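Note that the structure is a prediction, hence the values are computed from the model and not measured. Excluded from the calculations below are hydrogen atoms, water molecules and symmetry mates; all remaining heavy atoms, backbone and side chain alike, are included. Letters A, B, ... are given to chains in the order of the sequence lines, protein chains preceding strands, and every chain is numbered from 1.
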Amino acid sequence: MRLRSTGLIALLSVSALTLSACSGGDDTEPEPAASTADVAEFPEGSTMAKLAEAGKITVGTKFDQPLFGLVGPDGVPEGFDVEIARIIASNLGIDEDGISWKETVSANRETFIKSGDVDIVVATYTINDKRKAEVSFAGPYYLAGQSILTLTTTTDIEGPDDLAGKKVCTVAGSTPEANLLANFPDTEVVPFGTYSECLEPLRNGQVDAVSTDNVILAGFAADNEDLEVRGEPFTEEPYGIGLGLEDDEFRTWINDTLEAAFADGSWTEAWEATAGTVLPTPEPPAVDRY
Amino acid sequence: MAQPTSSVATPPGREDVPGEPLVVLSKVNKHFGALHVLRDIDLTVHRGEVVVVIGPSGSGKSTLCRAINRLETIDSGTITIDGAPLPAEGKALARLRADVGMVFQSFNLFAHKTVLQNVTLGPIKAKGMKKADAEAAAMRLLERVGVADQSGKLPAQLSGGQQQRVAIARALAMQPKVMLFDEPTSALDPEMINEVLDVMVSLAREGMTMVVVTHEMGFARKAAHRVVFMDGGQIVEEAGPEEFFTAPRSDRAKDFLSKILTH
Amino acid sequence: MNVIFDNIPAYLTGFLMTLKLSLVSGILALICGLFLAAFRVSPLTPLRALATTYVELLRNTPLTIVFFFLVFVAPQFGILAPLGFWTAVIALSAYTAAFVCEAVRSGINSVQFGQAEAARAIGLTFGQSLSLVILPQAVRTVIPPLINVFIALAKNTSVAAGFATVELMASGRRLATANPADTVWVLVGVALFYLAITIPAGILAGVVERKVAFAR
């Protein structure tokens, strides 16, 4: 009997790493190319000034999201979200040692921002109106969209139009689950705890497809030869940087920083070093200064 | 079962025992860990015979009694009942136990069932008897042991003597080939001992085959065909009751009798 | 607070699933647990060993791992349980049966040994002794701990939320996603619905316990 244990082992190791994760220390990632800002530039009393003066920033990110925020064996997360956070930190004059990484999951991001446990959240965090009532968003710095992953051998699912009557796996309580429930009434939604847990049921034929943001699915497809993403994204998920509600000064500054990073190529460099290894390099999105 | 007996005053001697061998123990050995509780026991109980087993505590007499219906397993040797060897665990053993009545020192009436239900449970469940028939038979037995008026009560509402008489009725209800009594009066208050012994004596006179572990010498004199004296896991001496109590041959029996008869 | 009243239908869907999971798993666990307990006191050594191994294994494994094995490991050996409700029922009842067994076994042990001997002595089989004499007497001591096992089961159904079952917890997570401003109240609502199962069960346990105390 051929044991398909790779997915299982990956799953177990992700859980293990999540448990053992701690804040970053001596990282050897190349410093982002963006120029380091001068501390004295920030208006007195602003969040930027406070963070720059302390030389420390706490960043909430995902620890289990390949390509965006995935903790490595050394306990430091890697991915596009992480690089974006590094660009912001370095523009505040904070070096690698000053960044504390804190794991945020979908359910606790607003809570962590409101309680001040984190200064910013860069965690595949979709900007939407309900969340805007709780926290402020800078960005977006990337436009994701919900898509479909299935086995390469599947023949009857080419895109979202083929999902009627199918079993589709996603994460319980996630935005993709809500999208599926609202827009695909004929689809049976099968919720699990994490996306990686969807893969074995998919291979066993217990579900027909997995659906969430295309960037997440692309990570799975890149790591598993038997899986592929089908069709075009059918939602728009603008990923933003979460920060304290009504801290407009900080939000504007982050937006400026992002635009500078779009312009000087450091955004592209960050993308190509992470998610760009499996996904095509997109055009930078337009920031939304609402 | 209700055959009248003529020789009431003097118990019959061994030559009067009518039946063929019913319970036969041969070379039976049993250990409790390092303790050798039954040593090469050979014992034959004939149909209609009443055998009283006596001996100091720890002599193995209770174990012997309990081994006959396999409440205790044995290490070696054979036990046959009516020619058939004791079966191992399972339905066959249950059937055999139905043929062997047992009365315990601590009564062991089913605490959650009424007196009547205690007596009918075996006939209904183990023998498949109809409830009405079982109840009629049970009432006759309760009448016979003198507790018919208690039939609706729970065991805890009865005195010890009444409980033990119900226990005898419960065993008799299975119409056993042989009755085993394991110190049936040891847990009773003195004033209740006789009411139980009376039932046992009448049972003996009706021809029931009985193995009785007891210290009641009066019962042995009145009802036993044979007394078996055990000590240290062995059968030391066997004799008719008169002979045993008046002229024991072994020193151990003399010593034991002197201890229990002096007061 | 309003978020709870505005979403009663969503809560109810989850609540009914949780109730269904609790009841179906509870009944199956009771049946399996009774057999396990019977095995554990049976005269046959292989049955005793089997039941003991099962109980020790399941009792000392986190429930999540039981789910995990059923959903992710068993399929690799060709065992494919129907995903969702029945997977949850199998995992929950397999797990809970071990606890039922221990509760019943301690009840059996509380019945005087002489009762079993007397039952055997009148020719009842092992099964008859257990069902007609021992268990009826054990019931009184067994029911209060059994209700506690059931309360634990009702709460444990929440583990199914991570394994393709939309019960109370999963419904709560959906509501939390839809109402990020009221996450706390959404969860309070979830807790209240769990209490709707566990508190009556707890009261029942108390009543039974007092009755038992009186009957002695």
Side-chain angles (χ1 to χ4, degrees), chain B residues 62 65-66 68-73 88-113 117-129 134 154-156 163 166-177 179-182 187, chain C residues 34-35 37-52 103-146 208-209 211-216:
Chain B
S62 259
C65 182
R66 292 160 55 84
I68 293 173
N69 71 348
R70 210 170 183 275
L71 285 180
E72 300 286 355
T73 55
E89 289 295 335
K91 290 236 160 61
L93 179 63
R95 270 197 296 277
L96 174 123
R97 282 175 176 153
D99 286 340
V100 180
M102 177 108 190
V103 176
F104 300 88
Q105 181 178 340
S106 49
F107 331 136
N108 294 346
L109 291 180
F110 305 131
H112 62 306
K113 297 209 175 278
Q117 289 169 333
N118 263 276
V119 182
T120 56
L121 186 69
I124 293 172
K125 296 296 176 182
K127 288 205 156 165
M129 204 187 269
L154 286 172
Q163 288 194 49
V166 174
I168 293 171
R170 176 175 70 179
L172 289 174
M174 298 301 290
Q175 296 174 309
K177 293 175 178 168
M179 288 279 286
L180 309 174
F181 293 82
D182 185 8
Chain C
L34 278 175
F35 274 101
F39 286 4
R40 282 205 81 169
V41 297
S42 104
L44 297 175
T45 316
L47 284 186
R48 277 203 307 271
L50 184 81
T52 307
V104 172
R105 191 172 68 104
S106 74
I108 289 174
N109 289 340
S110 76
V111 177
Q112 270 192 348
F113 192 65
Q115 295 284 316
E117 287 201 329
R120 281 187 283 158
I122 59 164
L124 298 186
T125 60
F126 172 73
Q128 287 176 322
S129 304
L130 208 55
S131 60
L132 298 172
V133 175
I134 309 299
L135 286 178
Q137 295 188 59
V139 162
R140 300 197 308 196
T141 36
V142 163
I143 282 186
L146 269 189
V208 172
E209 218 151 354
K211 266 201 155 162
V212 169
F214 179 71
R216 282 182 178 167

Review point. Is any side-chain heavy atom of Met102(B) closer than 4.5 Å to a side-chain heavy atom of Arg120(C)?
Key: no
**Study point:** Residues of residues 104-111 of chain B within contact distance of chain C, non-hydrogen under 4.5 Å
**Key:** Phe104(B), Asn108(B), Leu109(B), Phe110(B), Ala111(B)
Review point. In chain order, what residues pass the salt bridge (Lys or Arg N to Asp or Glu O under 4.0 Å) check against Lys113(B), with sequence neighbours excluded?
Key: none
Review point. For chain B, which residues from residues 43-50 of chain C lie under 4.5 Å away (heavy-atom distances)?
Key: Pro43(C)
Review point. Under 4.5 Å, heavy atom to heavy atom, which residues of residues 123-136 of chain C contact chain B?
Key: Gly123(C), Leu124(C), Thr125(C), Gln128(C), Leu132(C), Val133(C), Pro136(C)
Check your understanding: What is the distance from atom CG of Asn118(B) to atom CD1 of Ile122(C), rounded to the nearest 0.5 Å?
Key -> 8.0 Å
Point to revise | Which atoms of Ala119(C) approach chain B - backbone, side chain, both or neither, heavy atom under 4.5 Å | key: both
